[in-house]
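Read through the structure below, which is laid out as structure tokens, and then see the notes.
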2 protein chains.
Amino acid sequence: MTAHSKKQALDIAKDCFAVRLRKLHREVSGLYDDRFRPFGLTTAQFNLLVSIAAHGEVAPKQLVETLSLEKSTVSRNIEKMQKNGWVKTTPHKDKRRHLLALTDAGEALLEKVTPAWQQAQEDAATTYHSLKSMIKDIPLT
Amino acid sequence: MTAHSKKQALDIAKDCFAVRLRKLHREVSGLYDDRFRPFGLTTAQFNLLVSIAAHGEVAPKQLVETLSLEKSTVSRNIEKMQKNGWVKTTPHKDKRRHLLALTDAGEALLEKVTPAWQQAQEDAATTYHSLKSMIKDIPLT
DNA sequence: CCTCATTAGATGTATATGCAACTATCCAAT
DNA sequence: ATTGGATAGTTGCATATACATCTAATGAGG
């Protein structure tokens with residue numbers, strides 16, 4: 001390990017978008033996970049819960065696009081949320097598809113965790129002052 | 001699902017730091033993974049590779065702090081990198097600890113993937129124009 | 001009608017990640 | 001020196017994620 005290559009590695013670590021973004025993602029996700037834990041909810045599941053609620057009724061395919069998740073990830077995460085009684089499916093004329101919606105329990109959960117979400121938002125904004133301005137630059141769709 | 005609660009969910013989805021940050025993380029990590037795949041390297045492993053190189057010799061505990069990773073995550077990811085012959089360990093006087101360093105193969109790999117990393121950086125900067133300015137606001141340590 | 005490419009989802013397999021609990025070691029107070 | 005708490009790392013377990021492959025259903029050309 002020459003001094004040169006060590007310095008080069010330092011530069012990469014400092015400049016790399018992925019290194020910083022992944023670290024920030026772990027830290028921020030942790031704040032939300034801490035707040036959601038008492039409800040038996042994870043941040044990934046909360047994302048899906050909110051997205052389904054926002055659509056009313058929605059196909060998995062749509063969630064894949066909205067959240068940039070792999071279809072198999074959606075498939076399996078939804079499966080857990082169904083087992084927890086938060087999500088229900090309804091058939092579609094096109095038998096390949098089906099639609100997802102929140103159950104009453106799912107809607108009640110969303111109501112119930114909203115204050116925890118607000119606290120997590122504050123945690124994040126307090127710890128990472130730049131998030132508030134940064135958020136506008138993160139594309140949503 | 002009332003129209004009111006649906007609109008509320010839309011607002012949460014739009015405002016939530018975690019939703020946007022996690023989505024961006026998946027998209028950007030995917031760009032790097034695509035570039036690293038031909039080398040049998042993942043973005044997570046690249047992060048560790050660079051961090052070890054930047055330190056020269058480093059304890060897992062230090063990586064935990066530098067990258068905000070759980071200690072068990074570091075433990076197991078390093079284990080895979082050792083099996084791949086990229087990382088070696090040396091004992092420490094304090095027998096609880098050990099030090100990590102890159103092997104020759106590890107250093108060679110880092111050299112070899114650096115152009116791919118640069119391409120991923122360009123991919124990311126091109127797709128997400130705001131990343132370049134955003135990066136300054138993401139705390140490193 | 002057929003057939004074949006396409007599409008939506010599910011399943012097999014692997015990595016990444018975190019929490020809890022455990023082990024081994026160290027250190028400080030007595 | 002002894003012991004009890006702290007520390008570094010590992011292991012058990014669960015979720016999250018992606019790629020490759022598979023299945024079922026659709027739809028477009030012939």
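So you know, we letter chains A, B, ... as the sequences are listed, proteins then strands, and number each from 1.
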Check your understanding: Between the side chain of B:Glu27 and the main-chain N/O of B:Tyr128, is any donor-acceptor distance below 3.5 Å?
Key -> no
Check your understanding: Side chain of A:Thr103, backbone of A:Lys88: donor and acceptor closer than 3.5 Å?
Key -> no
Practice item. Any chance you could measure B:Leu131, atom CG, to A:Arg20, atom CZ, to the nearest 0.5 Å? Key: 11.5 Å
**Study point:** Pairwise distance CG(A:Leu24) to CZ(B:Arg22) - rounded to 0.5 angstrom
**Key:** 12.0 Å
Review point. Just by distance, do the side chain of B:Ser68 and the backbone of A:Lys23 share a donor-acceptor pair under 3.5 Å?
Key: no
Practice item. Would you mind telling me which residue lines up with the more 5' stretch of DNA chain C, A:Ala59 or A:Arg37, judged by nearest nucleotide? Key: A:Ala59
Point to revise | Integer-rounded Å distance: D:dG9 P and B:Glu70 CD | key: 12 Å
Practice item. Check each residue of residues 87-98 of chain B for a non-hydrogen atom within less than 4.0 Å of any atom in DNA chain C, then write out the ones that pass by number, or none. Key: B:Lys93, B:Asp94, B:Lys95, B:Arg96
Practice item. Please name the pair of heavy atoms, one in B:His55 and one in B:Ser51, separated by the smallest distance, quoted to 0.1 Å. Key: ND1-O, 2.8 Å
**Study point:** Spacing between B:Tyr32 atom OH and D:dT17 atom C1', to the nearest angstrom
**Key:** 19 Å
Exercise for review: Decide whether B:Glu57 and B:Thr90 meet the rule of one side-chain donor and one side-chain acceptor closer than 3.5 Å.
Suggested key: yes
Study note, to complete from the structure: Closest to the side chain of A:Lys71, out of C:dA10, C:dG18, D:dT17, is C:dA10
**Study point:** Rounded distance (Å) that lies between atom P of D:dA16 and atom NZ of B:Lys23
**Key:** 19 Å
Point to revise | Spacing between B:Lys83 atom NZ and C:dA16 atom P, to the nearest angstrom | key: 12 Å
**Study point:** Electrostatic pair B:Asp11:B:Lys7 at N-O distance under 4.0 angstrom
**Key:** yes
Review point. Between atom CD1 in A:Ile78 and atom C1' in C:dT11, what is the gap in whole Å?
Key: 17 Å
Practice item. Respond yes when some side-chain nitrogen or oxygen of A:Ser75 is under 4.0 Å from OP1 or OP2 of C:dA10, and no when none is. Key: yes
Point to revise | Length of the line joining A:Arg22:CZ and C:dA16:C1', which is rounded to integer Å | key: 8 Å
Please list each protein N or O that sits under 3.5 Å from an N or O in nucleotides 12-15 of chain D, with the distance.
from	atom 1	to	atom 2	distance (Å)
D:dG12	N7	B:Arg76	NH1	3.4
D:dG12	O6	B:Arg76	NH2	2.5
D:dC13	N4	B:Arg76	NH2	3.4

Check your understanding: Atom CZ of A:Arg26 and atom C1' of C:dC19: how far apart are they, to the nearest Å?
Key -> 16 Å
Point to revise | Separation between NE2 of A:His25 and NE2 of B:His25, rounded to the nearest 0.5 Å | key: 4.5 Å
**Study point:** Atom pair distance, as rounded to whole Å: NZ in A:Lys61 and P in C:dT6
**Key:** 14 Å
